[in-house]
Amino acid sequence: MPELPEVEVVRRGLATHVAGRTIAGVTVLDARAIRDHAGGARDFSARLRGARVTAVYRRGKYFWLALDGPGHGDAVLCHLGMSGQMLIRRCNDPEDRHTRVIMDLGDDVQLRFCDQRLFGGLRISDGGAQLPTEIAHIGLDPLDAEFDVRVFTGRIRKRRTGLKRALLDQSLISGIGNIYADEALWRSRLHYARDPALLRPPQIVGLIDDVVDVMNEALEAGGTSFDALYVDIDGERGYFDRGLHVYGHEGVGCPRCQTPIRRDRFMNRSSYLCPRCQRTPRRPRW
DNA sequence: ATGAATACCTGAGAGC
DNA sequence: TGCTCTCAGGTATTCA
């Protein structure tokens with residue numbers, strides 16, 4: 001569900017409200033939320049007790065709390081999956097639905113991990129404060145200062161797969177999900193089945209420019225919320241759904257040419273595109 | 001190397 | 001009302 005802009009909104013909220021705090025206690029309400037933590041719930045809680053959060057980092061859709069004190073150099077590695085939320089609450093605030101893990105942070109502050117579908121989760125990464133080895137296979141995201149569009153161009157043009165499939169491959173470039181893939185492809189007037197090897201390098205540079213633009217615009221709007229499943233750490237929605245041009249707009253006129261937006265089934269999910277602006281290629285790669 | 005299928009989950013909404 | 005079906009922003013693994 002949440003893609004890079006939504007995760008970055010959460011990361012910023014945590015950097016403001018959690019960094020500098022000490023974890024006084026951890027309650028795992030549903031062990032499935034930490035299924036990727038090798039040690040299980042007791043180990044998870046015990047190792048975090050007394051640890052201090054020094055900073056909150058992100059790569060793609062993953063983020064992590066860097067720890068000091070007990071667990072110095074370790075990190076709490078987090079992914080929101082399709083429906084995960086990080087909520088800052090007072091201890092006596094009403095319960096949030098689907099709360100799976102609660103971290104008490106002192107001063108009457110709680111961090112609650114809530115996740116309806118449980119595709120997300122938390123785990124401790126040994127020595128992962130700088131960059132968890134568990135996500136070594138995740139590529140740089142386009143907002144990372146280290147991201148080099150020339151390197152990316154070289155890599156994607158070697159991929160023998162469709163353009164959208166490549167954009168969604170988190171090992172090639174991270175942070176892009178179904179919404180922002182469709183929005184960026186529409187901005188670049190590229191069909192999802194274009195063959196990356198047949199694109200000119202400037203087209204790929206332009207596409208990445210569009211990815212960065214749409215993500216930055218979404219970030220300014222606080223992310224995209226279609227429903228209550230994506231909210232920031234205060235439980236507030238984002239407003240970028242108003243800024244979407246094609247995603248979820250089946251049958252609505254393309255903002256450029258008024259041709260009705262079409263929804264295709266692709267990779268077992270929906271792809272929205274303008275059939276006039278984004279012509280099906282002569283030699284498609286699916 | 002690539003990708004299809006599957007698994008992990010809950011819940012909202014549509015249609016009957 | 002209650003059943004079945006489809007859909008949803010993601011990732012990892014297995015098998016061909």
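In what follows, every chain begins at residue 1, and chains take the letters A, B, ... in the order their sequences are listed. Only this structure's heavy atoms are used, side chains among them; waters, hydrogens and symmetry mates stay out.
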Look at atom [atom1] of [X] and say whether more than 12 heavy atoms of other residues, nucleotides or ligands are closer to it than 6.0 Å.
| X | atom1 | value |
| --- | --- | --- |
| A:Gln130 | CD | no |
| A:Arg282 | CZ | no |
| A:Glu146 | CD | no |
| A:Asp234 | CG | yes |

* Asked: In whole Å, what separates the P atom of C:dT6 from that of B:dT6?
  ->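 Each nucleotide's P atom is 15 Å from the other's.
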* Selection: residues 159-172 of chain A, any non-hydrogen atom under 4.0 Å of DNA chain B -> A:Arg159, A:Arg160, A:Thr161, A:Arg165
Of all the choices, [options], which nucleotide is nearest to the side chain of [X] once you look at every atom?
| X | options | value |
| --- | --- | --- |
| A:Tyr247 | B:dT10, C:dG9, C:dC7 | C:dG9 |
| A:Arg35 | B:dT10, C:dT11, B:dC8 | B:dC8 |
| A:Arg269 | C:dG9, B:dG11, C:dG10 | C:dG10 |
| A:Arg32 | C:dG10, B:dT10, C:dA8 | B:dT10 |

Which side-chain N or O atoms in residues 60-69 of chain A pair as donor and acceptor under 3.5 Å with protein atoms at least two apart or in another chain?
from, atom 1, to, atom 2, distance (Å)
A:Lys61, NZ, A:Ile176, O, 3.2
A:Trp64, NE1, A:Ala129, O, 2.9
A:Asp68, OD1, A:His72, ND1, 2.8

N/O donor to acceptor pairs below 3.5 angstrom from side-chain atoms of residues 198-212 of chain A, sequence neighbours left out:
from, atom 1, to, atom 2, distance (Å)
A:Gln203, OE1, A:Arg200, N, 2.9
A:Asp210, OD2, A:Ser188, N, 3.4
A:Asp210, OD2, A:Ser188, OG, 2.5

* Interatomic distance where CG belongs to A:Asp182 and P belongs to C:dA8 [whole Å] ->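 So the two atoms are 11 Å apart, to the nearest Å.
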* Asked: Roughly, in whole Å, what's the span from CG in A:Asp36 to C1' in C:dT13?
  -> 12 Å
* **Gap between atom CD of A:Glu217 and atom CZ of A:Phe240 - 0.5 Å precision** =>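 Those atoms lie 5.0 Å apart.
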* Asked: Nearest 0.5 Å, what's the CZ-NE2 distance between A:Arg263 and A:His249?
  ->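 The NE2 atom of A:His249 is 14.0 Å from CZ of A:Arg263, to the nearest 0.5 Å.
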* On DNA chain C, check which nucleotide each of A:Ser270 and A:Tyr62 is closest to and give me the residue with the more 5' one. =>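 Looking at the nearest nucleotide for each, A:Ser270 comes out on the 5' side.
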* Proximity to DNA chain C (any heavy atom under 4.0 Å), residues of residues 115-127 of chain A only -> A:Arg117, A:Phe119
* Structure fact -> If one requires at least 3 consecutive Watson-Crick or G-U pairs with distances under 3.5 Å, the stems of DNA chain B turn out to be B:2-8 with C:10-16, B:10-16 with C:2-8
Identify every side-chain donor-acceptor pair in residues 98-107 of chain A under 3.5 Å, counting partners at least two apart or on other chains, and give the distances.
from, atom 1, to, atom 2, distance (Å)
A:Thr99, OG1, A:Asp96, O, 2.6
A:Arg100, NE, A:His98, O, 3.4
A:Arg100, NE, A:Asp115, O, 2.8
A:Arg100, NH1, A:Asp30, OD2, 3.4
A:Arg100, NH2, A:Asp115, O, 2.9
A:Arg100, NH2, A:Gln116, O, 3.0
A:Asp104, OD1, A:Gln110, NE2, 3.1
A:Asp107, OD2, A:Arg21, NH1, 3.3

* **Charged N-O contact under 4.0 Å between A:Asp182 and A:Lys164** => yes
* **Verdict with reasoning, A:Arg47 to A:Asp126, per salt bridge (charged side-chain N to carboxylate O under 4.0 Å, His left out)** => CA-CA 11 Å; A:Arg47 288 175 57 187; A:Asp126 296 333; 2.6 Å; yes
